[in-house]
Amino acid sequence: MAEDTHANEKTAFRYDGALARDIETRRQKHWEQENAHHVPNPGEVGFNPDQKKFYCLDMFPYPSGKGLHVGHPLGYIGTDIICRFRRMKGEAVLHPMGWDAFGLPAEQYAIQTGVHPATTTQTAINTYRRQLKAFGFSYDWSREVATIDQDYYRWTQWIWLQAYESFCDPRTGKATPIHVLEEDLSTGNLVTDGQSITAPGELSSTLTWNELEKTKQLDVIDNQRLAYLSKQVVNWCPALGTALANEEVIDGKSERGGHPVVRKPLKQWMFRITSFADRLVNDLQDLDWPHSTKVQQREWIGRSEGAAIRFSVEGHADQSLEVFTTRPDTLFGATFLVVAPEHPLVQRVKDPAVHAYCTEAANRTERERQSEDDEKTGVPLGLHGIHPVSGELVPIWVADYVLMGYGTGAIMAVPGHDDRDHAFATKFDIDIKNVVAPDDGKTTDDCFTEHGIAINSSCAALSLDGLSTAEAKATMINWLVSNGSGERRVTYRLRDWLFSRQRYWGEPFPIVFGPDGRCHPVSDAGLPVELPDLADYEPVISDEPQPLLAKATDWVQTTAGAAGVSPDRLPPETPVTRETNTMPGWAGSCWYWIRYCDPTNTDAFISEEAKAFWLNGGVDLYVGGAEHATLHLLYARFWHKFLFDLGHLPTSEPFQRLFHQGLLTAFAFQRDNGQLVPTDEVEETTEDVFVAKDTGESVRRIVAKMSKSLRNVVNPDDVIAEFGADTFRLYEMYMGPLDASKPWNTRDIVGVYRFLQRAWRLLINESTGEPRLRSETHEGIEQQLHRTIAKVGDDIERLANNTAIAALIEFVNFAGKQSGNQPALTPDQADRFARLLGPFAPHIAEELRERCGSPGCIIHAKWPNFDESMLVDDTIELPVQVAGKMKGKVTMPADADEETVKSLVLADDKIVAALEGRSIRKLILVPGRIVNLIPGD
RNA sequence: GCCGCCGUAGCUCAGUGGUAGAGCGCUCCCUUGGUAAGGGCGAGGUCGUGGGUUCAAAUCCCAUCGGUGGCUCCA
């Protein structure tokens with residue numbers, strides 16, 4: 001015992017795991033007492049309107065029951081570093097955290113256990129919050145929000161109502177209040193044909209608005225809303241008991257769970273996101289986003305320019321067939337037309353073979369349709385289209401390679417210049433006509449899909465021969481327009497956004513259905529529409545969709561007054577039925593960055609003052625996973641845009657700079673046959689040789705995503721318990737670039753741990769805990785410190801935390817080496833070094849700083865300055881090349897001129913030897929960098 | 001098939017025209033009443049390959065191979 005005591009005394013202040021935890025506990029308590037990470041809003045005590053604001057947002061997590069694994073904090077550590085840095089630079093930093101807490105896993109857990117999703121979700125949130133706090137993140141926890149809170153989803157519902165009460169004005173392309181539509185239709189400023197809405201003069205046939213029946217008028221208006229009801233062929237997943245968005249279906253299976261998905265018509269709430277498609281593409285241009293993410297969004301939206309072309313149908317004077325093409329210049333090469341199996345024209349045909357084909361196509365999943373991608377199928381309809389230019393008859397086929405959901409659901413097939421049409425024509429022996437020749441004059445038997453020169457494209461009415469593809473397109477479109485057979489058109493791959501789900505654990509829609517079946521919105525005063533409790537959460541597994549909330553019959557059947565519908569719209573006693581669908585998991589994440597700015601506001605979703613300050617210029621930096629490139633990030637931009645149009649927000653884009661942290665992987669082990677072996681069933685026999693414990697067979701080490709099944713998940717609590725949070729933070733940042741994916745290797749943590757120990761030992765006597773400081777400045781160390789300040793500041797801005805840490809390591813190594821066993825830094829230098837370390841390892845940095853004589857919260861300290869002149873040396877070792885090959889280096893003044901350099905270099909034996917007696921033909925001097933001697937003969 | 005990104009030490013990564021670097025791992029030495037410890041010295045790279053531009057190329061250009069992420073019957 002006595003010996004132990006003695007040993008403990010000697011090393012009582014060694015920076016080990018126990019001391020790290022002790023420091024971290026005390027510092028975190030200190031920060032809470034000081035409320036150190038709170039940032040005031042306009043109007044609050046301490047708010048300074050002259051401060052520059054920096055809004056740094058993390059993608060908030062879905063709190064699952066399993067807690068955090070080491071991959072979660074990666075981005076959070078990155079943002080914490082730049083936030084702490086910007087605060088030290090004097091900016092007002094908004095750095096909040098919250099919970100994306102509606103969603104399927106909690107509901108599925110409820111189905112298994114009967115525990116209310118609110119209970120499990122709250123437990124998970126508490127775990128996540130505790131774990132996040134252990135990292136010492138500088139979140140302003142007073143701004144925490146959860147999407148499941150009534151105070152939050154009340155405003156989610158309010159925003160949805162904003163969309164419901166507006167339409168996209170075709171004259172401006174902007175979201176506009178719906179009453180403008182009603183007024184302009186009744187005054188004739190806008191006209192309709194019952195489907196679309198335009199300014200007068202742009203539609204061939206229009207309805208006389210004021211003579212229309214009231215219900216017809218309401219139908220037209222309802223059909224224009226940004227949030228509208230529509231009977232859609234949806235992706236119905238019987239196993240999950242819900243419909244899914246296109247984005248949630250991968251290869252005909254649900255993204256979650258991999259269950260089969262079938263196509264089914266269903267009345268659903270939609271968002272008219274397609275009317276914003278152009279703006280969503282164009283506005284990407286000015287955003288500081290990863291290139292790959294912009295590309296993905298553009299591809300996802302899939303804008304393509306072309307023409308709509310109408311073919312009359314022979315023998316059916318009342319019917320025309322409209323096709324969409326991006327190559328109207330190839331119209332003379334259209335030798336057949338193809339419609340999708342779901343196309344209405346198919347209903348005109350009695351042929352049983354046609355219907356057999358369509359039924360079969362409908363029953364095949366998307367996956368089956370795609371797996372046989374080369375083999376085309378189809379049957380002729382027995383109908384013919386009349387070519388709008390030549391008047392020739394063109395056979396019409398039905399084939400499932402044409403999709404009802406894109407363009408018009410019908411195409412003109414040009415087998416000479418489209419690979420798919422070519423394959424189809426070849427299989428069914430249909431004419432192939434070449435109407436485009438390559439620019440270089442060569443001809444080819446292959447299907448030529450590039451641009452070129454039009455050939456074989458003339459008849460009495462029109463000739464395109466000799467025109468380039470671009471000219472031919474324009475000529476053809478003009479001809480079609482003036483002959484009433486078509487027009488210029490843009491279509492998108494993007495579809496309108498299916499927003500209804502048949503689940504329980506989501507936001508209810510603030511809308512009811514009256515006795516006539518029409519919709520009536522809940523008034524603002526009636527919000528929130530609270531989610532009712534249910535006795536059981538079991539989905540009704542059926543081919544006929546049944547929303548879960550339909551089980552809450554008392555809640556569903558109510559009156560207009562009780563539901564919160566304004567008496568102006570319906571008398572309070574009117575019996576109504578509530579909407580039983582709920583919003584999808586994306587809803588809450590479409591606006592959470594707005595709520596953080598003013599999280600407790602009960603009068604508005606955000607105050608005017610808060611939005612003017614925090615949302616001016618949008619979120620300055622948004623960090624999260626690249627997997628959200630086309631879903632969350634597109635939806636969020638859409639919501640932000642329509643709220644901007646309606647005057648509720650100061651910018652049309654939410655996130656100015658976007659950054660994706662990489663995926664954190666882990667080692668996993670694989671047998672020769674490719675089978676994976678759990679990490680804990682493998683041992684390392686000798687260096688880098690691994691064998692399976694059960695069979696002794698050698699296994700290969702691979703890098704894989706962390707997953708429960710591989711048993712390679714690392715829990716951050718364990719790492720923090722052993723090394724402390726500062727080491728954890730440093731390790732994850734030092735592993736590599738923040739946006740690269742990289743493998744966790746517990747063995748390497750000790751590297752940065754030792755760095756912190758060296759830094760601690762540089763400044764602290766490990767026996768006494770007293771500071772080790774000197775009074776006279778070591779000039780070399782001072783210069784190195786200035787360089788480190790410059791580099792670390794630059795690197796943090798670039799989110800290059802790995803190289804910043806490398807610079808800190810180099811500084812500590814340098815200072816330790818220069819001073820030998822003597823104290824290396826003055827109190828002032830120690831303070832500056834601690835402040836540099838602060839953003840990365842805030843606990844130990846604050847402790848070091850305090851022990852060296854500068855107490856106080858490190859986040860409130862100022863970022864140190866550096867002196868430019870300290871970054872350059874007076875005397876340098878100039879590298880010398882002879883004929884471009886490095887031959888040695890010569891000491892000289894940094895600013896030596898050519899003559900000086902030449903004489904000093906020629907005084908060096910090694911250089912003279914390298915010249916081998918040759919004369920110097922040319923001397924290239926890059927001052928301060930290098931000199932290159934080009935020898936003559 | 002198309003698009004993006006990446007190939008630098010055994011491993012993970014810095015280094016965007018000018019002497020190839022860091023951490024881990026490895027050799028050897030020292031220290032040890034801090035022990036999966038500390039300190040020191042060192043080895044280890046024709047920068048994927050082949051061309052080109054340049055006084056000079058890991059770096060710029062072209063080609064090629066390998067890896068990785070995304071899109072894909074979208075007319």
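Quantities reported herein were computed from a predicted structural model and do not represent experimental measurements. Excluded from the calculations below are hydrogen atoms, water molecules and symmetry mates; all remaining heavy atoms, backbone and side chain alike, are included. Labels below follow one simple rule: chain letters A, B, ... track the order of the sequence lines, proteins then strands, and each chain is numbered from 1.
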Nearest-angstrom distance, [atom1] atom, [N] to [M]:
| N | M | atom1 | result |
| --- | --- | --- | --- |
| B:C13 | B:G17 | C1' | 22 Å |
| B:G10 | B:C26 | C1' | 9 Å |
| B:C11 | B:G7 | P | 15 Å |
| B:C30 | B:A22 | P | 25 Å |
| B:G1 | B:A57 | P | 36 Å |
| B:C6 | B:A56 | C1' | 26 Å |
| B:C24 | B:A63 | P | 41 Å |
| B:G25 | B:U31 | C1' | 22 Å |

Are A:Phe428 and A:Trp397 an aromatic pair by the rule of ring centers under 6.0 Å?
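Under 6.0 Å, so yes.
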Measure centre to centre between the rings of A:Tyr401 and A:Phe424, then say whether the value is under 6.0 Å.
yes
Paired nucleotide for [N] [Watson-Crick or G-U wobble; both distances under 3.5 Å]:
| N | result |
| --- | --- |
| B:A57 | none |
| B:G7 | B:C65 |
| B:C47 | none |
| B:C2 | B:G70 |
| B:C41 | none |
| B:G25 | none |

From C-beta outward on [X], which listed nucleotide comes closest to its side chain: [options]?
| X | options | value |
| --- | --- | --- |
| A:Glu810 | B:A75, B:C3, B:A22 | B:A22 |
| A:Gln881 | B:G18, B:G70, B:G4 | B:G18 |
| A:Ser292 | B:A22, B:G4, B:G38 | B:G4 |
| A:Lys376 | B:C71, B:A75, B:C73 | B:C73 |
| A:Thr325 | B:A75, B:G18, B:A37 | B:A75 |
| A:Arg798 | B:G15, B:G18, B:C73 | B:G15 |
| A:Asn802 | B:G70, B:A14, B:G38 | B:A14 |
| A:Glu299 | B:C73, B:G4, B:G70 | B:G70 |
| A:Asp400 | B:C71, B:A75, B:C73 | B:C73 |
| A:Asn813 | B:A37, B:G23, B:A75 | B:G23 |

Between A:Ser304 and A:Tyr406, is any side-chain donor less than 3.5 angstrom from a side-chain acceptor?
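On atom types as modelled, these side chains qualify, holding a pair under 3.5 Å.
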Going by atom types alone, do A:Tyr492 and A:Asp278 pair a side-chain donor with an acceptor below 3.5 Å?
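Distance-only check passes for A:Tyr492 and A:Asp278.
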Between [N] ([atom2]) and [X] ([atom1]): distance, integer Å:
| X | N | atom1 | atom2 | answer |
| --- | --- | --- | --- | --- |
| A:Asp419 | B:C2 | CG | C1' | 12 Å |
| A:Tyr734 | B:C11 | OH | P | 17 Å |
| A:Arg489 | B:A75 | CZ | P | 14 Å |
| A:Met733 | B:C13 | CE | C1' | 14 Å |
| A:Asp794 | B:G15 | CG | C1' | 15 Å |
| A:Arg493 | B:G70 | CZ | P | 14 Å |
| A:Ile934 | B:G18 | CD1 | P | 16 Å |
| A:Leu756 | B:G38 | CG | C1' | 16 Å |

Rounded distance (nearest 0.5 Å) linking atom CD1 of A:Ile81 with atom CZ of A:Arg729
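Taking CD1 in A:Ile81 and CZ in A:Arg729, the distance rounds to 6.0 Å.
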Between atom CG of A:Leu836 and atom CZ of A:Phe811, what is the distance when rounded to the nearest 0.5 Å?
8.0 Å
So, OP1 or OP2 of [N]: does either fall under 4.0 Å of a side-chain N or O from [X]?
| X | N | value |
| --- | --- | --- |
| A:Tyr406 | B:A75 | yes |
| A:Arg921 | B:C55 | no |
| A:Arg298 | B:C71 | no |
| A:Arg761 | B:G38 | no |
| A:Arg758 | B:A37 | no |

Taking for each residue the nucleotide of RNA chain B bearing the nearest heavy atom, is the 5' side occupied by A:Ala410 or by A:Val752?
A:Val752
Please tell me which of A:Val931 and A:Val295 maps to the more 5' nucleotide of RNA chain B, matching each residue to the nucleotide holding its nearest heavy atom.
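Taking each residue's closest nucleotide, the earlier one in sequence belongs to A:Val295.
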Under 4.0 angstrom, heavy atoms only, what part of the nucleic acid is [X] near: base, sugar-phosphate, or nothing?
| X | result |
| --- | --- |
| A:Ser304 | sugar-phosphate |
| A:Gln297 | nothing |
| A:Asn801 | nothing |

Is the CZ atom of A:Arg758 crowded by more than 12 outside heavy atoms at less than 6.0 Å?
yes
Side chain to side chain donor-acceptor pair (under 3.5 Å) between A:Asp16 and A:Tyr753, worked out
CA-CA 9 Å; A:Asp16 57 13; A:Tyr753 179 56; 5.6 Å; no
Is any side-chain heavy atom of A:Asp329 closer than 4.5 Å to one of A:Val436?
yes
Under 3.5 Å, is there an N or O donor on one side and an acceptor on the other linking the side chain of A:Glu722 and the base of B:A36?
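Such a pair is found, so the answer is yes.
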